[in-house]
Amino acid sequence: MRILGAAGAFFKYAAPDAVIKRENDTLIRGAESIKAYYSQPFYHNATADWEPEFIEVSPDGNLAYTYGRYEWTVKRDSLPTLQFNGVFHTVWRRMPNGEWKYVWD
């Protein structure tokens with residue numbers, strides 16, 4: 001899956017009570033806080049490439065987790081492009097409307 005523009009794309013998958021762990025073990029709590037985090041100028045020209053290598057869904061079909069590799073690319077005006085690679089682990093919950101949203105990333 002390719003996500004372009006992290007603030008706009010990644011945020012739409014966040015559950016209202018989602019939590020993300022970022023640099024220095026910082027926790028960003030809540031969908032609105034996650035949206036604000038990814039709205040910072042640093043992320044305006046960011047893209048993320050990621051694809052789950054493994055997916056497991058709970059027997060009742062309400063929780064799931066995924067993991068795999070990701071690559072972030074941040075293009076900066078007149079500065080070298082930054083690239084970050086790593087492994088992600090995301091926990092998903094099925095919302096009352098049937099959509100899947102992440103609760104932990």
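When reading the values below, keep in mind they use all heavy atoms of this one structure, side chains included, and skip hydrogens, waters and symmetry mates.
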Seminar exercise, completed: Applying side-chain contact (heavy atoms from CB on, under 4.5 Å) to D60 and not counting sequence neighbours gives S58, N62

Problem set entry | Residues which pass side-chain contact (heavy atoms from CB on, under 4.5 Å) with Y70, listed by chain and number, not counting sequence neighbours | W50, W72, F88

Exercise. Is the number of heavy atoms from other residues, nucleotides or ligands under 6.0 Å of N24 CG greater than 12?
Worked result: no

For this session: Spell out, yes or no, whether V57 and W92 are grouped together once hydrophobic residues are joined by side-chain heavy atoms under 4.5 Å, including indirect joins.
Result: yes

Exercise. Are V19 and V91 connected, step by step, through hydrophobic side chains (Ile, Leu, Val, Met, Phe, Trp, Tyr) whose heavy atoms are closer than 4.5 Å?
Worked result: yes

Problem set entry | salt bridge (Lys or Arg N to Asp or Glu O under 4.0 Å) pairs, two or more places apart, involving residues 71-85 | none

Problem set entry | salt bridge (Lys or Arg N to Asp or Glu O under 4.0 Å): pairs with one or both residues in residues 89-105, sequence neighbours excluded | D17-R93, R22-D105

Exercise. Roughly how far, to the nearest 0.5 Å, is the OG1 atom of T90 from the CD1 atom of I55?
Worked result: 10.5 Å

Exercise. From E53 CD over to T66 OG1, what is the distance, rounded to the nearest 0.5 angstrom?
Worked result: 10.5 Å

Seminar exercise, completed: Applying side-chain hydrogen bond (donor to acceptor under 3.5 Å, both in side chains) to Y37 and not counting sequence neighbours gives E23, Y43

Exercise. If you look at every heavy atom in V74 and F84, which pair is closest and at what distance?
Worked result: CG2-CE1, 4.3 Å

For this session: Looking only at non-hydrogen atoms, find the nearest pair between M95 and A15 and report the distance.
Result: CE-CB, 4.0 Å

Exercise. Do Y102 and I20 come within less than 4.5 Å of each other through their side chains, counting heavy atoms only?
Worked result: yes

Exercise. What residues, two or more places apart in sequence or in another chain, satisfy ring-ring contact (aromatic ring centres under 6.0 Å, His included) together with Y65?
Worked result: F54, H89

For this session: Give me the one residue out of L27, I28, T26 that meets side-chain contact (heavy atoms from CB on, under 4.5 Å) with K21.
Result: L27

